[in-house]
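Structure, as structure tokens:
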There are 2 protein chains.
Amino acid sequence: MQVVAEKGFDEASLKEIAETAGFTIGAVYSNFASKDDLFTDLLAERSNPKHVEAAAILAHPDASANDVRAALDRLLVDAADQESDLGPLQAEIWLYAIRRPELQQRLADQFRDRRESLIESMAFRTQGNEAVTADLSDLATVLMALYQGFVQLRRADPSLVPPGLYGTAAHWLFNGILSSSGGER
Amino acid sequence: MQVVAEKGFDEASLKEIAETAGFTIGAVYSNFASKDDLFTDLLAERSNPKHVEAAAILAHPDASANDVRAALDRLLVDAADQESDLGPLQAEIWLYAIRRPELQQRLADQFRDRRESLIESMAFRTQGNEAVTADLSDLATVLMALYQGFVQLRRADPSLVPPGLYGTAAHWLFNGILSSSGGER
DNA sequence: GTCTATAAGACGATAGAC
DNA sequence: GTCTATCGTCTTATAGAC
């Protein structure tokens with residue numbers, strides 16, 4: 001995955017992948033049937049733990065609104081800056097999956113699962129607030145899409161995405177839902 | 001660009017690229033020095049007209065809030081569904097550019113230009129509204145990131161992004177900014 | 001400017017020794 | 001289960017005729 005993130009799937013030769021892992025090509029082929037098989041296997045192992053983290057914070061009953069905003073920002077900065085591989089890797093996986101019909105469904109399911117855990121976490125914090133509850137699924141979708149977009153913008157140039165903007169945007173969305181529920185939608 | 005979108009940069013062989021264009025490999029090499037040269041040249045020609053379109057609608061003084069929401073949704077649906085190449089192509093370009101330091105700056109500039117035209121369009125509609133004007137740049141950044149994320153989610157599975165959600169999200173953000181400007185931010 | 005033919009090399013994948 | 005050595009194929013890029 002490290003080599004694929006750096007070079008791209010096709011430019012990542014099995015020789016380099018094997019040697020990065022401390023093996024030779026032969027060793028790889030005794031464990032995997034093909035390069036595609038290797039990639040799809042590693043893909044299955046790789047569940048996305050980041051959004052679960054955020055969901056855990058969102059779900060924490062003592063967390064204040066500011067805690068949530070700070071958690072979202074930390075999530076973004078960690079992903080885009082510290083783990084600088086994450087953006088390219090996700091793009092590679094996305095491209096790989098949408099071009100293979102049998103994987104496209106799995107990718108969609110993955111997105112759906114992440115959204116579901118986000119919804120559950122947020123539901124815990126917004127129960128009793130009907131206005132927000134009704135739009136919870138849409139809000140989760142927006143937060144996920146925004147995260148993806150921010151990671152890519154930030155990778156092109158960190159100064160494009162001011163620090164704290166992810167949390168601020170979430171704040172705007174939340175308030176926007178509240179103030180929209182009264183009038184027309 | 002069509003072949004690159006379908007197969008990916010590496011899997012798009014010069015033979016297929018040439019034949020798709022109705023030429024042979026030799027003809028390509030009499031016009032371009034290398035495959036990278038071909039791609040970067042085509043990359044430069046390809047300016048993104050879509051956001052300009054949206055900006056034009058946003059800038060129209062007679063446009064109602066509903067017109068703007070409808071325009072944003074049309075923008076998304078057109079991009080993700082009709083031009084189904086756009087998502088993969090943008091991902092390919094992004095990956096290609098962030099891996100080449102000399103292109104990364106050009107990519108960042110492109111993002112900055114698009115944001116600038118979005119800001120100008122919106123400024124025309126929000127003049128006099130200080131609360132929104134102050135956050136215009138951030139709002140534009142959020143709308144751009146959201147657009148990118150939506151296109152990718154929708155390509156994995158259209159039902160992940162309900163119709164109208166882009167416009168709704170923009171509506172929430174706008175209202176959120178208005179209601180946030182009074183209290184703490 | 002575009003073609004055909006070809007060069008040089010890298011790649012994924014396999015065979016067989018250990 | 002991992003190694004070395006090798007096979008066939010495909011690729012980018014070039015040379016030279018037209």
Side-chain angles (χ1 to χ4, degrees), chain A residues 1-46 84-107, chain B residues 1-47 84-85 87-107:
Chain A
M1 282 296 168
Q2 178 194 322
V3 180
V4 169
E6 280 171 22
K7 307 279 187 79
F9 177 76
D10 281 278
E11 284 288 330
S13 71
L14 279 171
K15 185 162 177 276
E16 186 173 358
I17 291 172
E19 284 170 1
T20 300
F23 294 96
T24 59
I25 293 182
V28 172
Y29 275 98
S30 79
N31 287 281
F32 302 95
S34 67
K35 186 179 179 181
D36 282 279
D37 187 53
L38 167 65
F39 192 60
T40 46
D41 264 37
L42 262 52
L43 213 108
E45 279 181 32
R46 176 199 152 77
S84 65
D85 279 355
L86 192 129
L89 194 50
Q90 281 198 334
E92 289 288 344
I93 291 172
W94 183 80
L95 282 168
Y96 188 87
I98 62 161
R99 287 177 180 140
R100 288 162 181 81
E102 71 280 10
L103 288 182
Q104 189 169 338
Q105 187 56 48
R106 274 172 55 186
L107 182 72
Chain B
M1 281 296 170
Q2 178 194 321
V3 180
V4 169
E6 279 172 22
K7 306 280 186 81
F9 177 76
D10 281 278
E11 284 287 329
S13 71
L14 279 172
K15 184 160 178 275
E16 186 172 357
I17 291 172
E19 284 171 0
T20 300
F23 294 94
T24 57
I25 294 183
V28 173
Y29 276 98
S30 80
N31 288 281
F32 302 95
S34 66
K35 186 178 180 182
D36 282 279
D37 188 52
L38 167 65
F39 191 60
T40 48
D41 263 36
L42 261 53
L43 212 107
E45 277 181 35
R46 174 199 153 77
S47 63
S84 67
D85 278 356
L89 194 50
Q90 281 198 335
E92 289 288 344
I93 291 172
W94 183 80
L95 281 169
Y96 189 86
I98 61 160
R99 287 176 180 143
R100 289 161 181 83
E102 73 279 10
L103 288 182
Q104 189 170 338
Q105 186 56 47
R106 273 173 54 186
L107 181 72

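Chain identifiers are assigned alphabetically (A, B, ...) following the order of the sequence lines, protein sequences preceding nucleic acid strands; residue numbering begins at 1 within each chain.
Look at CD1 on A:I17: it is 14 Å from C1' on C:dA13, rounded to the nearest Å. The distance from atom CG of A:L14 to atom C1' of C:dA13 is 9 Å, rounded to the nearest whole Å. Going from atom CZ of A:F32 over to atom C1' of C:dT14 covers 18 Å, rounded to whole Å. One interatomic measurement links the two molecules: CG of B:D36 to P of D:dT11, which rounds to 16 Å at whole-angstrom precision. In this structure, A:K15 places its NZ atom 17 Å from P of C:dA13, rounding to the nearest Å. Here D:dT11 presents its C1' atom at 15 Å from CG of B:L38, a figure rounded to the nearest Å. Taking atom CD on B:E19 and atom C1' on D:dT11, their separation rounds to 14 Å, with Å as the unit. The CZ-P distance, from A:F23 to D:dT4, rounds to 13 Å in whole Å.
A:T24 comes within contact range of at least one nucleobase, with a heavy-atom separation under 4.0 Å. A:A18 comes within 4.0 angstrom of no nucleic acid atom, judged by non-hydrogen atoms across all strands. Note on B:S30: a base of the nucleic acid sits closer than 4.0 angstrom, heavy atoms only.
Closest to the side chain of A:N31, from the set C:dC3, D:dT2, D:dA13, is D:dT2. Comparing D:dT12, C:dA13, C:dT2 against the side chain of B:Y29 picks out D:dT12 as the nearest. Picking from C:dC11, D:dT12, D:dC3 the nucleotide with the shortest atom distance to the side chain of A:S13 gives C:dC11. Considering only side-chain atoms of B:I25, the nucleotide from D:dT14, D:dT2, C:dG12 that sits closest is D:dT14.
The line from NZ of A:K7 to CD of A:E16 is 3.0 Å long, rounded to the nearest 0.5 Å.
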Could you walk me through whether A:L38 and A:L14 pass the side-chain contact (heavy atoms from CB on, under 4.5 Å) test, one step at a time?
CA-CA 10 Å; A:L38 167 65; A:L14 279 171; 4.0 Å; yes

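Residues A:R100 and A:T40 are not in side-chain contact: their nearest non-hydrogen atoms beyond the backbone lie 4.5 Å or more apart. The side-chain heavy atoms of A:L95 and B:L95, taken from C-beta on, include a pair separated by under 4.5 Å.
In the displayed structure, B:K35 atom NZ is contacted under 6.0 Å by more than 12 heavy atoms of other residues, nucleotides or ligands.
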